[in-house]
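Data first, discussion second: the structure below is written as structure tokens.
Source: prediction; values computed, not measured.
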Amino acid sequence: MTATESHTENNDENKGQRHQNGTVSHYYEENERNSYFSNNKVKIPEVEQDNFSFLKLWAYTGPGFLMSIAYLDPGNIESDLQSGTVANYRLLWVLFGSTILGLLMQTLATKLGVVTGLHLAEMCHRQYKKIPRLILWIMVEIAVIGSDMQEVIGTAIAIYLLSNKLVPLWVGCLITIVDTFTFLFLDKYGLRKLELFFGFLILVMGVTFGYEYVVAQPDQGEIMKGLFIPRCVDCDSAVLLQAVGVVGAVIMPHNLYLHSALVKSRDIDRKKPEKLNEARLYYFIESSLALLVSLVINIFVVGVFAYGLFEKTNSDLLEQCQRQDNSILYDMAKEEFQNNTDFVDADIYKGGIFLGCAYGIIALYIWAIGILAAGQSSTMTGTYAGQFAMEGFLNLRWSKWKRVLFTRSIAMVPTFCTAFFSQMSDLTKLNDYLNAVMSLQLPFALIPTIAFTSNPKIMGQFVNNLAFKIVSVILSVVIVGINIYFVAVQLVELELNIGVQLVIYLVALIYFIFIIYLSLHLYISLGDKNIENHPLMLKYVFTPIGQSPKNVA
């Protein structure tokens with residue numbers, strides 16, 4: 001018997017103080033797994049009053065802001081600027097609505113981690129059979145890789161701009177790898193110091209993108225209308241596709257796995273329901289504040305480019321650049337923009353050039369600093385997500401440096417190769433394809449999250465109520481449908497040959513079969529007792545809570 005198997009069996013024997021006064025309350029691990037935060041938990045202060053406590057809120061503050069960084073990664077920033085460029089202010093309400101949906105799903109993820117003491121990947125290991133959970137792990141890793149490629153390339157572009165093109169993109173990728181390793185080991189000096197560093201990077205994003213917003217002075221009335229009035233007047237297919245892209249960019253699949261793990265960093269007594277309710281309340285407040293900050297920063301970016309680039313032609317921008325009397329800036333503009341009457345096709349790099357042309361070279365450098373902060377912070381949280389996924393799905397207990405090295409290598413090798421062998425124009429187009437890839441992974445985070453939090457045998461008194469179950473399932477179907485449509489449109493635009501199309505159709509068939517499998521597990525978790533204990537379900541689909549999958553399958 002291996003050490004890992006022995007550890008698992010010991011956990012199975014100690015699973016639960018799941019009873020209180022003789023009745024089932026909720027499932028949790030009494031002897032918590034030796035996970036990342038086991039020996040590095042933040043203590044929650046005891047206060048005399050039972051009312052709201054800012055001291056407790058401060059103790060719980062951290063995980064939500066780390067989670068919110070996924071809403072501010074370079075992929076999202078690029079989606080924001082493209083939204084403003086293509087649709088003016090008309091898609092701000094989509095951004096706002098997507099953030100609300102994101103808060104709903106993040107709340108479910110935090111509830112799972114708080115109540116059970118297991119993050120989403122660990123619960124997947126408990127509840128799914130071996131083959132499905134390995135497939136799920138691969139899907140999560142694909143999402144992490146796709147997100148990481150956006151983040152590292154975004155960071156490399158920022159370094160490229162700040163160095164006046166002296167540092168090539170592939171060198172920028174190497175720099176990102178090294179400094180990510182360095183910053184992640186800050187938690188050696190305490191988890192709170194690492195969280196404070198992430199907070200500093202968010203502050204940098206707020207200041208830099210806020211500076212661009214103040215300098216540009218977009219129409220505040222139009223921004224308010226765009227935020228709170230759902231409308232899409234004169235929207236063509238490009239605008240509708242951009243709206244779908246906004247939804248896909250905001251709600252990240254691996255972020256649910258990340259957030260459910262980060263909440264385990266607080267020392268919570270799971271034997272006391274009142275402590276769990278307290279934790280859920282403060283985490284909800286913290287997550288709401290964090291996503292409000294991310295929403296404001298995203299609005300800054302949309303507003304700046306809606307005001308400055310909507311229906312602006314390449315020749316207009318070149319003329320604007322020429323007036324700056326900066327030869328380096330003008331040369332950069334001539335390389336990226338043809339002297340024609342086509343509307344500007346914006347991305348992170350071209351956006352920086354535009355800001356320099358419109359508001360001076362300082363605006364370009366400030367933009368690059370903001371992108372650097374976005375890329376660096378999201379790269380680190382992506383690494384965390386990869387570590388938690390590997391730890392949970394595979395039940396591995398490697399030392400920290402091995403986990404960081406392994407998860408970074410998986411994501412960095414394709415990223416480095418892409419940067420080394422591609423041109424800037426190729427990299428900026430890559431963002432749409434990566435968004436499509438991550439959109440396809442979304443069901444593999446949404447469905448398990450809803451299934452576990454809707455299962456009364458897992459959540460007990462904290463199970464999702466009927467209204468919440470209905471709303472979350474409907475919203476998930478809508479979100480998944482929107483994202484699949486986005487991917488389908490991207491594939492149609494590629495005009496692939498018949499052989500490649502047949503391969504894609506085969507993969508799509510397998511993809512939908514697996515989604516049906518997960519949906520069947522969800523259906524059982526929602527409470528259908530007629531098929532829950534059916535031998536076929538127990539053998540191939542459902543693992544009763546409290547049993548290890550290897551003992552059932």
query: What orientation do F514 and Y517 show, parallel under 30°, tilted 30 to 60°, or perpendicular over 60°?
result: parallel
Exercise answer: donor-acceptor pairs, residues 440-449 side-chain atoms, under 3.5 Å, sequence neighbours excluded:
from, atom 1, to, atom 2, distance (Å)
Q441, NE2, V437, O, 3.1
T449, OG1, A445, O, 2.7

Would you mind reporting whether [Y] and [X] have side-chain heavy atoms less than 4.5 Å apart?
{"X": "H259", "Y": "S287", "result": "yes"}
{"X": "V42", "Y": "D267", "result": "no"}
{"X": "M459", "Y": "L112", "result": "yes"}
{"X": "F209", "Y": "I77", "result": "yes"}
{"X": "Q106", "Y": "L256", "result": "yes"}
{"X": "L95", "Y": "D80", "result": "yes"}
{"X": "Y282", "Y": "T61", "result": "no"}
{"X": "L201", "Y": "I69", "result": "no"}

Between the side chain of [X] and the main-chain N/O of [Y], is any donor-acceptor distance below 3.5 Å?
{"X": "R270", "Y": "V114", "answer": "yes"}
{"X": "Y283", "Y": "V263", "answer": "yes"}
{"X": "W93", "Y": "R231", "answer": "yes"}
{"X": "K275", "Y": "D269", "answer": "no"}
{"X": "N76", "Y": "A70", "answer": "yes"}
{"X": "S260", "Y": "L120", "answer": "yes"}
{"X": "S378", "Y": "G375", "answer": "yes"}
{"X": "S83", "Y": "S79", "answer": "no"}
{"X": "D148", "Y": "T383", "answer": "no"}
{"X": "Q150", "Y": "G75", "answer": "no"}

Identify every side-chain donor-acceptor pair in residues 295-303 under 3.5 Å, counting partners at least two apart or on other chains, and give the distances.
from, atom 1, to, atom 2, distance (Å)
N298, ND2, Y71, O, 3.2
N298, ND2, S294, O, 3.0

If you compare all heavy atoms of [X] against all heavy atoms of [Y], which two are closest, and at what distance to 0.1 Å?
{"X": "W137", "Y": "A389", "result": "CD1-O, 3.8 Å"}
{"X": "S265", "Y": "L191", "result": "CB-CD2, 3.4 Å"}
{"X": "P456", "Y": "V463", "result": "N-CG2, 3.7 Å"}
{"X": "A385", "Y": "H254", "result": "CB-CD2, 4.0 Å"}

task: I would like to know whether S68 and V293 meet side-chain contact (heavy atoms from CB on, under 4.5 Å); could you show each step before the answer?
output: CA-CA 8 Å; S68 71; V293 171; over 6 Å; no
- request: Show your reasoning for whether ring pair (Phe, Tyr, Trp, His ring centres under 6.0 Å) applies to F52 and F54.
  value: CA-CA 7 Å; F52 178 82; F54 283 102; 4.9 Å; yes
What is the distance from atom [atom1] of [X] to atom [atom2] of [Y], rounded to the nearest 0.5 Å?
{"X": "T381", "Y": "N255", "atom1": "OG1", "atom2": "CG", "result": "7.0 Å"}
{"X": "I153", "Y": "E78", "atom1": "CD1", "atom2": "CD", "result": "10.0 Å"}
{"X": "I450", "Y": "L526", "atom1": "CD1", "atom2": "CG", "result": "8.5 Å"}
{"X": "Q387", "Y": "L258", "atom1": "CD", "atom2": "CG", "result": "10.5 Å"}
{"X": "M149", "Y": "M438", "atom1": "CE", "atom2": "CE", "result": "10.0 Å"}
{"X": "E286", "Y": "L291", "atom1": "CD", "atom2": "CG", "result": "9.5 Å"}

query: Using the benzene-type ring in the case of Trp, are the ring centres of H119 and Y257 under 6.0 Å apart?
result: no
Pair F452 + Y128: ring centers closer than 6.0 Å: yes
task: State whether the number of non-hydrogen atoms from other residues, nucleotides or ligands found under 6.0 Å of Y511 atom OH is greater than 12.
output: yes
field: Full working for side-chain contact (heavy atoms from CB on, under 4.5 Å) between M224 and I229
entry: CA-CA 8 Å; M224 290 298 104; I229 302 177; over 6 Å; no
task: Say whether E151 and S147, considering side chains only, have a donor N or O and an acceptor N or O under 3.5 Å apart.
output: yes
message: Using the rule given for salt bridge (Lys or Arg N to Asp or Glu O under 4.0 Å), can you reason through K272 versus E278, listing the C-alpha separation, both sets of side-chain angles and the distance that settles it, and then say yes or no?
response: CA-CA 10 Å; K272 299 178 179 179; E278 174 188 276; over 6 Å; no
Salt bridge (charged side-chain N to carboxylate O under 4.0 Å, His left out) involving R266 - partner list, sequence neighbours excluded: E195
With a 3.5 Å cut-off and sequence neighbours excluded, list the donor-acceptor pairs that the side chains of residues 85-92 form with protein atoms.
from, atom 1, to, atom 2, distance (Å)
T85, OG1, L81, O, 2.7
R90, NE, A87, O, 3.0
R90, NH1, V233, O, 2.6
R90, NH1, D234, O, 3.2

message: What verdict does the side-chain contact (heavy atoms from CB on, under 4.5 Å) test give for L103 and T107, after you've listed the backbone C-alpha separation in whole Å, the side-chain angles of each residue and the deciding distance to 0.1 Å?
response: CA-CA 6 Å; L103 176 61; T107 300; 4.0 Å; yes
field: Partner set under ring pair (Phe, Tyr, Trp, His ring centres under 6.0 Å) for F65, not counting sequence neighbours
entry: none
- request: For H125 and F393, run side-chain contact (heavy atoms from CB on, under 4.5 Å): C-alpha distance rounded to whole Å, both residues' side-chain angles, the deciding distance at 0.1 Å, then the answer.
  value: CA-CA 5 Å; H125 183 270; F393 280 110; 5.6 Å; no
Could you tabulate the donor-acceptor pairs under 3.5 Å formed by side-chain atoms of residues 472-480, not counting sequence neighbours?
from, atom 1, to, atom 2, distance (Å)
S472, OG, F468, O, 2.8
S472, OG, K469, O, 3.0
S476, OG, S472, O, 2.7

Name of the residue among N464, T116, T453 meeting side-chain hydrogen bond (donor to acceptor under 3.5 Å, both in side chains) with K111: N464
